[in-house]
Student: 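Input: one structure, supplied below.
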Amino acid sequence: MRKISISRRSITCMLTIDASSVLGHRIFCGKHGHMIHYLTDIDFGYDAERRGYNLAVEHRPASIAVAENADDVVAAVRAARRLGLGVAVLATGHGPSRSADGQLLINTSRMKGITIDPAGRWARVEAGVRGGELVQAAAVHGLAPLSGSSPEVGVVSYHLGGGLGLLGRSLGWAVDHVRAIEIVTADGVLRRATPTTERDLFWALRGGGKGTLGVVTAIELDLHPIARLYGGGMHFSADSASEALTLWAEWTRTVPDEMASSALLIRMPDLPVLPQALRGQYVMHVRFVFTGSVADGERLVAPFRALGPISDTVAEMPYSAVGTIHAEPTHPVAFHARNKMLHTLDTDAVSALLRHAGPDAGAPFLLELRHTGGALSRPAAEPSALGRRDGEFVLYVGTAAEPAELPALRAKYDELFATMEPWSTGGVCVNFLSGPDITAAELASGYLPDDVKRLAAIKNTYDPKNMFRTHHGLA
């Protein structure tokens with residue numbers, strides 16, 4: 001048994017390493033009587049702290065640092081650096097990439113600070129804040145962030161992946177509205193990256209720095225004067241799914257940028273909480289988010305109402321209720337997904353999708369199409385790593401699956417994406433990548449070639465020893 005003393009300002013951390021176990025250790029830091037908890041696999045709470053939403057990746061880190069503020073993160077990174085450990089980060093766990101086995105896992109889920117400046121229309125958000133929490137805090141002031149479809153996803157990780165928001169067609173990617181990023185880099189230094197300070201780091205983190213360049217402790221982002229919208233969803237039965245999808249594909253070519261929408265093909269689970277008309281049924285769910293007037297919104301969705309949906313929740317609502325539109329699951333599952341950007345969705349493309357995922361296909365996965373384009377296709381005022389912005393749709397497929405089911409599932413995914421290759425841009429939506437199957441080449445396809453090289457150079461500058469290695473591997 002040996003002990004190492006690590007000084008950090010007024011904090012002294014005592015690191016105890018048990019030589020009888022492989023990398024087994026506990027670190028306890030005290031500041032004014034406050035304990036910073038570091039857990040190993042013999043500690044109560046270790047299992048809870050290492051698990052996130054997506055159980056497709058199981059982390060068994062050597063130790064878990066339960067961070068409550070940026071000072072805790074600085075201490076943890078410096079301790080890992082001294083020990084030669086890799087560092088991984090977990091907030092909500094919606095987009096895991098690789099296992100953090102044998103590394104130091106920093107859990108930032110308790111970092112919940114939100115500061116709103118209603119006059120300046122911006123917010124500072126700490127690393128553990130979820131999208132729905134920011135939406136509610138901003139709504140008090142009649143403001144809205146560029147939030148995603150799930151209120152449960154972490155604000156920081158969502159932005160680092162690019163941020164494909166429900167207001168994206170009118171306002172662009174969420175990273176286009178980030179003002180500053182606070183990050184602890186591999187040298188244990190807390191830095192502030194902005195358009196004028198740490199410019200390379202600021203560029204890389206916005207769209208290309210998800211887990212690769214350090215531990216982001218907070219971001220500052222723009223808020224927008226949006227307090228209400230016209231939105232919701234319509235379910236269509238299996239009998240009308242083909243007609244509804246064909247209509248949606250044609251309709252997206254005519255709508256204004258203020259209208260965002262998506263279409264989901266899915267066999268609903270047979271659960272008592274669902275309405276009887278949906279339980280165990282194959283349905284198509286069309287979701288709408290429109291920031292224009294109610295009258296214009298009703299006119300735009302009228303063609304879908306004419307098809308006779310089996311459910312219709314489309315109405316005026318406060319922006320604070322935006323998370324109810326997709327109503328995504330919140331219970332942790334082992335979820336396996338893949339995506340591709342499409343440049344168009346013509347009648348042949350619709351037919352191809354229905355052959356693989358229509359009512360009679362017996363697809364073992366859900367299939368979602370999100371309409372992009374509009375401001376999502378335009379360059380940002382402040383350039384970021386998310387420079388590739390071609391494509392009009394994101395094709396996304398996914399399902400919960402056990403390990404034994406994965407070979408057959410992957411084969412089905414391969415068949416679908418091979419069929420859809422004529423309509424593919426060749427790229428992916430980085431925001432939706434997760435799981436250990438993502439290759440460096442697949443990830444790189446979401447970026448411009450020169451940006452891939454620049455990201456690698458920036459990674460080498462800020463993390464030459466690859467301390468932050470629990471990621472997909474682009475940098």
Student: Taking the ring of F304 and the ring of W248, is the distance between their centroids below 6.0 Å?
Tutor: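 No, they do not, as the ring centres are separated by 6.0 Å or more.
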
Student: What are the two closest non-hydrogen atoms of P407 and A404, and how far apart are they?
Tutor: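 So the minimum-distance heavy-atom pair works out to CD-O, 3.7 Å.
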
Student: For residues 435-452, which residue pairs pass the salt bridge (charged side-chain N to carboxylate O under 4.0 Å, His left out) check, not counting sequence neighbours?
Tutor: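 Counting only pairs at least two positions apart or across chains, the salt bridge (charged side-chain N to carboxylate O under 4.0 Å, His left out) contacts touching residues 435-452 are R410-D437.
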
Student: Taking only residues two or more places apart in sequence, or in another chain, which ones meet F468 in a ring-ring contact (aromatic ring centres under 6.0 Å, His included)?
Tutor: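 F468 satisfies ring-ring contact (aromatic ring centres under 6.0 Å, His included) with no residue once adjacent residues are dropped.
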
Student: For residues 329-341, pull every pair meeting side-chain hydrogen bond (donor to acceptor under 3.5 Å, both in side chains), keeping only residues two or more places apart or in separate chains.
Tutor: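 Qualifying pairs, neighbours excluded: R338-D414.
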
Student: Using side-chain heavy atoms (C-beta onward) and a distance below 4.5 Å, is K210 in contact with L433?
Tutor: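 SC-SC contact between K210 and L433 ruled out.
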
Student: Closest heavy-atom contact between R124 and A218?
Tutor: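 Distance-wise, the nearest heavy atoms are NH2-CB, 3.6 Å.
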
Student: Report the residues that fulfil side-chain contact (heavy atoms from CB on, under 4.5 Å) with V333, sequence neighbours left out, ordered by chain and then residue number.
Tutor: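 Y53, F335, A400.
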
Student: Closest approach of A244 and L307, non-hydrogen atoms and distance?
Tutor: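 Minimum heavy-atom separation between A244 and L307: CA-CD1, 3.7 Å.
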
Student: Can you name the side chain to side chain donor-acceptor pair (under 3.5 Å) partners of S149, sequence neighbours left out?
Tutor: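 With neighbours one apart ignored, the set is E328, R370.
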
Student: Can you label the angle between the H235 ring and the H285 ring as parallel, tilted or perpendicular, going by 30° and 60°?
Tutor: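 Plane angle under 30°, so parallel.
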
Student: Return a table of donor-acceptor pairs under 3.5 angstrom between the side chains of residues 290-300 and protein atoms on other chains or two or more places apart.
Tutor:
from: S293; atom 1: OG; to: D296; atom 2: N; distance (Å): 3.1
from: S293; atom 1: OG; to: D296; atom 2: OD2; distance (Å): 3.4

Student: Just do the side chain to side chain donor-acceptor pair (under 3.5 Å) check on S262 and R287 with the steps written out, would you?
Tutor: CA-CA 5 Å; S262 61; R287 292 79 66 95; 2.9 Å; yes

Student: May I ask you to say whether E415 pairs ionically with R355, meaning some side-chain N is under 4.0 Å from a carboxylate O?
Tutor: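 No, this pair does not count.
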
Student: Does a salt bridge link K112 with E126, judged by any charged N lying under 4.0 Å from a carboxylate O?
Tutor: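 E126 and K112: not salt-bridged.
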
Student: Looking at every heavy atom in both H371 and R169, which two are closest together, and how far apart are they?
Tutor: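 So the minimum-distance heavy-atom pair works out to CE1-NH1, 3.1 Å.
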
Student: Looking at every heavy atom in both A263 and L245, which two are closest together, and how far apart are they?
Tutor: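 A263 and L245 have their closest heavy atoms at CB-CD1, 4.3 Å.
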
Student: Are the side chain of T372 and the backbone of E392 linked by a donor-acceptor contact shorter than 3.5 Å?
Tutor: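 Yes; judged by distance alone, with no hydrogens or angles, the pair exists.
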
Student: To the nearest 0.5 Å, what is the distance between OG on S384 and OH on Y447?
Tutor: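 Result: 9.0 Å between the selected atoms.
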
Student: Who passes side-chain contact (heavy atoms from CB on, under 4.5 Å) against P225, sequence neighbours left out?
Tutor: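 Applying side-chain contact (heavy atoms from CB on, under 4.5 Å) to P225 gives R121, L143.
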
Student: Could you name each residue pair satisfying side-chain hydrogen bond (donor to acceptor under 3.5 Å, both in side chains) that touches residues 418-430, not counting sequence neighbours?
Tutor: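 Checked against side-chain hydrogen bond (donor to acceptor under 3.5 Å, both in side chains) - neighbours excluded - the pairs reaching residues 418-430 are D346-W423, H356-T419.
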
Student: Start with the C-alpha distance between D239 and S237, add both sets of side-chain angles, then the distance that settles side chain to side chain donor-acceptor pair (under 3.5 Å), and finish with yes or no.
Tutor: CA-CA 5 Å; D239 292 341; S237 68; 4.8 Å; no

Student: Using the rule side-chain contact (heavy atoms from CB on, under 4.5 Å), only one of N107, T470, T108, I106 pairs with L90; which is it?
Tutor: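 Passing option: N107.
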
Student: Please, which pairs that meet ring-ring contact (aromatic ring centres under 6.0 Å, His included) have at least one residue in residues 130-163, sequence neighbours excluded?
Tutor: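 For residues 130-163: none.
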
Student: Is there any salt bridge (charged side-chain N to carboxylate O under 4.0 Å, His left out) pair reaching into residues 275-286, and which pairs are they, with sequence neighbours excluded?
Tutor: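 Passing the test, one end in residues 275-286: D270-R279.
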
Student: Atom CG of L416 and atom CG of L395: how far apart are they, to the nearest 0.5 Å?
Tutor: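 CG of L395 is found 5.5 Å from CG of L416.
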
Student: Go through the structure and list residues passing side-chain contact (heavy atoms from CB on, under 4.5 Å) with P364, not counting sequence neighbours.
Tutor: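 By the side-chain contact (heavy atoms from CB on, under 4.5 Å) rule, P364 matches L409, K412.
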
Student: Salt-bridge test for D200 and R454: reply yes if a basic N is under 4.0 Å from a carboxylate O, no otherwise.
Tutor: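 The answer is yes: the pair qualifies as a salt bridge.
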
Student: Is it true that R51 and E49 make a salt bridge, defined as a side-chain N closer than 4.0 Å to a carboxylate O?
Tutor: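 Not counted as a salt bridge, because no side-chain N and carboxylate O are separated by less than 4.0 Å.
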
Student: Under 6.0 Å from the six-membered ring centre of Y230 and within 45° of its axis: does the NZ or CZ of R228 meet both?
Tutor: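 No, R228 does not sit over the ring of Y230.
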
Student: Whether R50 and E58 form a salt bridge (side-chain N of Lys/Arg under 4.0 Å from carboxylate O of Asp/Glu) is what I want to check.
Tutor: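 Answer for the salt bridge query: yes.
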
Student: Residues in side-chain contact (heavy atoms from CB on, under 4.5 Å) with P318, at least two apart?
Tutor: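 S320, A321.
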
Student: Return the CD to CD1 distance between Q136 and I114, rounded to the nearest 0.5 Å.
Tutor: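 Answer for the CD-CD1 pair, Q136 versus I114, is 10.0 Å.
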
Student: For the side-chain contact (heavy atoms from CB on, under 4.5 Å) test, which of V156, T217, V216, I219 pairs with I183?
Tutor: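 Only one of V156, T217, V216, I219 forms a side-chain contact (heavy atoms from CB on, under 4.5 Å) with I183, namely V216.
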
Student: Do the side chains of L171 and H177 get nearer than 4.5 Å, heavy atoms only?
Tutor: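 Yes, side chains in contact.
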
Student: Looking at CG of L353 and CG of D348, how far apart are the two atoms once the value is rounded to the nearest 0.5 Å?
Tutor: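 Here the rounded value is 11.0 Å.
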
